[in-house]
Every structure is written in structure tokens, then in C-alpha cells.
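One structure below.
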Amino acid sequence: ATLTFQTGSTATPGGSDNFDSGSFATAWNYSNGNGSWGISGGKATLTGYGKRLMGNVGFTDYTTEVTITCPSTGNAG
């Protein structure tokens, strides 16, 4: 058996977006799904379904903090 040690960084990657500019910040590096992404009233919107990721697209272990508001019955998961 082989014991392998791996190292990683605990530094939080830079990147945030308050959507006030009316366009997505350049830190957003990935999106997919069948939906149409937009920004309205300082909030990100999605018609349909999909996801957006901020940071390095090669991340495999990360934490994301978001606030999701469903104005009506919806699946936010």
C-alpha cells in the first residue's frame, strides 16, 4: 500500500458579484442548463434551469454561500 500526501490551499478565492452593474462579474467562469440567465433589479435571474459557478472550473472541493429566493412555488435545489 502507498500512503500519498496531498496539499491544498485554504485561501478563499477572490470573487463576488452584487449584480448592481447589470452584467455578471468576470469571476463567473461556468454556466449550463436550458435556462436564460439575466440580471434584474440587482438580482440574478434564471428562466428554466441551470447553474453558474464562480472561481476556477477545476475546483473539486469547495464551499458556496448563496441566498436563493423563490417568488412562488419552485425547486431551488
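Side chain of D17 to main chain of A25: a donor-acceptor pair is present (N/O by atom type, distance under 3.5 Å, no hydrogens or angles). Side chain of T45 to backbone of G38: a donor-acceptor contact under 3.5 angstrom is found.
Between the CG atom of N34 and the CG atom of L46 there is a distance of 8.0 Å, given to the nearest 0.5 Å.
Residues satisfying the side-chain contact (heavy atoms from CB on, under 4.5 Å) test with S31, not counting sequence neighbours, are W37, R52.
Between W28 and F19, the ring-plane angle classifies as parallel under the 30° and 60° cut-offs.
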